[in-house]
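Just so you know, residue 1 is the first one in the sequence shown, and it goes up from there.
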Amino acid sequence: MPDYAAELNPEQCSAATGPDGPALILAAAGTGKTRTLVYRVAHLVESGVPPERILLLTFTNRAAREMLERARHVAGPGVGNVWGGTFHHFANRLLRKHAALLEFPNDFTILDRDDSISLVKQGVKALGLQSKTFPKPAVLLGIRSAAVNSSRTLEETIEARYAEHGHDPADILKVLHSYRDRKRQLAGMDFDDLLLNGLRLLREHAQLEEYYQERFLHVLVDEYQDTNPIQAEMVDRLAARHRNVLVVGDDFQCIYSWRGADHRNIMTFPDRYPDARIGKLETNYRSVPEILGVANACIAHNRGQFPKTLRPTRPAYRKPVVRHLSDGDAQAEYVVGQIALLRREGYRYSDMAILYRAHYHALETELALRKNHCPYAMTSGMRFFEQAHIKDACSLLRLVQSKTDELAFARIVQWLPGVGPKSAERIWNKLGGSFDALDPAARAGAAEILPPAARPGWNKIAAAWAEADGVARPDPGEILSVFLSRFYGDHALNVFENCDKRMEDIQGLIQYLAKFATLEEFINEVALFTNLDAESEAVDDAAQDSIRLSTVHQAKGLEWPVVFILWLAEGLFPSGRSISESPDGEGEERRLFYVAVTRAKDELRLCVPAMRINRDGSPSFYTPSRFIKEIPKDLVETEKLKRPGFY
């Protein structure tokens, strides 16, 4: 039998061994949340609760397996009968027993992503809507998933995405209704259906709901701040009889509203359970005191939250560094230089992470790492110039640079209705294996060869090249800007689920172009970069000792001894768009910064560039992020710019 008082700190022990009834355990970053849940499960089993009457809900199967394995180590093999898994896993178990109540067979098929895309394609074809200007199946599935996870109607979700882009919402609804009907015919459910139909069983069948309410004496939930409305309702319904519901989460780390997580679920828990005991885990085992001081100071500026103060267990070390820099290139140079210094101090590459708000923020740094032969891995798996939308934009510029770039031409014309790989090759051959994008006659001649359905789109693309007519040194930034506004913005909306983030990347690319004297210089730089990637890809993949590059969203739950945070400037981090589009935008952006800071164990470098060059060569000056200004000066070492005139 474990000695809870000896093996846990007082906060953890109180949470793990507390009395029955509702409980909200506010687990701040690095405070042993998983350990506390493990011991809670062990305590319940040792107290005589049958394991099969305990439900443990998590967000990954890996987390559930880890908790139950550790609980078995603490309390013995009986813990293995606990119902543990993700919300989707739990819903699937319910449906395997009771799907007949929803007129599905219990051996229904779970559709994977490819299955779902195939069914949507069938619906688009059957309705006669297939064209390159109609939203792709993955986009349509994303619309439905967004509606499900935010508990909004399909109509509301479609309107939010396509209000100003000319698609008839009725057509999109027809396709999604066709998809729904086809799944029913095939006795299939997709990932979102598992949650929807699992909740329907509880909502629509009172006897079944009462059975599971009685069965589960205790309901435990991990990462509660990430629950969406469906998941929160499921928990409340299952716990309604015995009211032994213990949820563990941190409102300071609620950063996934864009995928349906509802901050209100954790904030209103005490309202829904007025008798709930509220415990706090504030003793941090991860970071040095100086890093925790910055985290505490930052998050204190958010309103309407459960106050918590991270307390260190580690001895004092070094203050985080705020480094003011002239621009993105200086930032990249600084990061690479610091990496070299830290390596000499004994840190490995894999001890370091470079975090950023948006993918394009890492562009200069990624290039600098490559040029300096520093091994690195992207959390997304996709380097900047490998991404489809960046390849699209670069293809437009490659064809300006080279009249004989058949691959760029083929990529461009295949965006258009009626043009596939074979017809793209035929068109190229009719053009004589050459196309001058800056020649009005050549553009008009190509339009005559294209299928009639492709010509309207071609004319919009050609308008971007027309911007460079008669200009000795074409402005690639202006070409891409017109391309975005005339054609690619709408095209991307129909092709990519995360269209907004991809458009941000291209806008970042447009500004990055300003650093090159000529388009040829840029094209050569990209070619060199991608060839270096190809040569070293196998080495990087095999090397476990590599620096991690990641957005902050993808870094949640991870930790490193050394963390760099890039582009801490107003409008970039925090994101100006996020703040303007959401009432809680500033609060979530500050929580995102808090998450970034608390990934660091030993060393934290906060990078504050002051300028970016616009495509016309003029500078855009940035003020430091409000998050930097909110940090008391005595908590950090501030390194100012050495060069005059910038900051």
*Go through the structure and list residues passing ring pair (Phe, Tyr, Trp, His ring centres under 6.0 Å) with Trp560, not counting sequence neighbours.*
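Trp560: no ring pair (Phe, Tyr, Trp, His ring centres under 6.0 Å) contacts found.
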
_Checking Phe191 now: which residues fulfil ring pair (Phe, Tyr, Trp, His ring centres under 6.0 Å) with it, not counting sequence neighbours?_
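Phe191 satisfies ring pair (Phe, Tyr, Trp, His ring centres under 6.0 Å) with His88 once adjacent residues are dropped.
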
Is the ring centre of [X] less than 6.0 Å from the ring centre of [Y]?
| X | Y | value |
| --- | --- | --- |
| Tyr512 | Phe516 | yes |
| Tyr488 | Trp415 | yes |
| Phe59 | Phe87 | yes |

Does a side-chain N-to-carboxylate-O contact under 4.0 Å join [X] and [Y]?
| X | Y | result |
| --- | --- | --- |
| Asp500 | Arg577 | yes |
| Arg144 | Asp190 | yes |
| Glu290 | Arg318 | no |
| Lys556 | Glu223 | yes |
| Arg612 | Asp327 | no |

What pair of heavy atoms forms the shortest contact from [X] to [Y], and how long is it?
| X | Y | answer |
| --- | --- | --- |
| Pro609 | Gly328 | CB-N, 4.4 Å |
| Leu549 | Tyr356 | C-OH, 3.4 Å |
| Cys607 | Gln331 | CB-OE1, 3.2 Å |

Pi-cation contact, [Y] with [X] (under 6.0 Å, within 45°):
| X | Y | result |
| --- | --- | --- |
| Arg502 | Phe496 | yes |
| Arg259 | Tyr256 | yes |
| Arg343 | Tyr349 | yes |
| Arg443 | Trp458 | no |

*Can you tell me how far the CZ atom of Arg398 sits from the CD atom of Glu406, to the nearest 0.5 Å?*
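Reported value, rounded in 0.5 Å steps: 11.0 Å.
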
Would you say the side chains of [X] and [Y] form a donor-acceptor pair under 3.5 Å?
| X | Y | result |
| --- | --- | --- |
| Asp505 | His389 | yes |
| Asn149 | Ser145 | yes |
| Glu588 | His263 | no |
| Tyr376 | Glu366 | yes |

*For atom NZ of Lys132, is the number of surrounding heavy atoms from other residues, nucleotides or ligands below 6.0 Å larger than 12?*
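More than 12 heavy atoms, drawn from other residues, nucleotides or ligands, come within 6.0 Å of this atom.
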
_Around atom NZ of Lys121, are there more than 12 heavy atoms from other residues, nucleotides or ligands closer than 6.0 Å?_
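No - once you tally the heavy atoms of other residues, nucleotides and ligands closer than 6.0 Å, there are 12 at most.
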
*asked:* Applying salt bridge (Lys or Arg N to Asp or Glu O under 4.0 Å) to Arg113 and Glu497, what does each step give before you reach the verdict?
replied: CA-CA 14 Å; Arg113 180 75 169 174; Glu497 291 180 69; 2.4 Å; yes

Using atom types as modelled and distance alone, determine if a side-chain donor or acceptor of [X] lies under 3.5 Å from a backbone N or O of [Y].
| X | Y | result |
| --- | --- | --- |
| Glu386 | Arg383 | yes |
| Asp351 | Tyr347 | no |
| Ser150 | Ala146 | yes |
| Asn372 | Leu369 | no |
| Asn498 | Lys501 | no |
| Gln253 | Val595 | no |
| Trp428 | Ser423 | no |
| Ser485 | Val482 | yes |
| Arg161 | Leu493 | yes |
| Gln387 | Phe384 | yes |

Below 4.5 Å, heavy atoms only, C-beta onward: do [X] and [Y] meet side chain to side chain?
| X | Y | answer |
| --- | --- | --- |
| Ser257 | Asp262 | no |
| Val597 | Leu292 | no |
| Lys136 | Val124 | no |
| Ser481 | Ile510 | yes |
| Val321 | Val636 | no |
| Ile390 | Ile506 | yes |
| Arg626 | Ile579 | yes |
| Leu572 | Tyr622 | yes |

*Quick one: which of Leu566, Thr379, Leu558, Val552 gives a side chain to side chain contact (heavy atoms under 4.5 Å, CB included) with Leu355?*
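That would be Val552.
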
_Phe593: which of Ser625, Cys298, Pro574 passes side chain to side chain contact (heavy atoms under 4.5 Å, CB included)_ =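 Single side chain to side chain contact (heavy atoms under 4.5 Å, CB included) partner of Phe593 among Ser625, Cys298, Pro574: Cys298.
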
*Report the C-alpha distance between Arg599 and Glu559 in whole Å, list the side-chain angles of each, state the deciding distance to 0.1 Å, and finish with yes or no for salt bridge (Lys or Arg N to Asp or Glu O under 4.0 Å).*
CA-CA 4 Å; Arg599 299 313 92 198; Glu559 60 183 43; over 6 Å; no

*Test ring pair (Phe, Tyr, Trp, His ring centres under 6.0 Å) applied to Trp567 and Phe573, step by step*: CA-CA 6 Å; Trp567 278 110; Phe573 196 173; over 10 Å; no

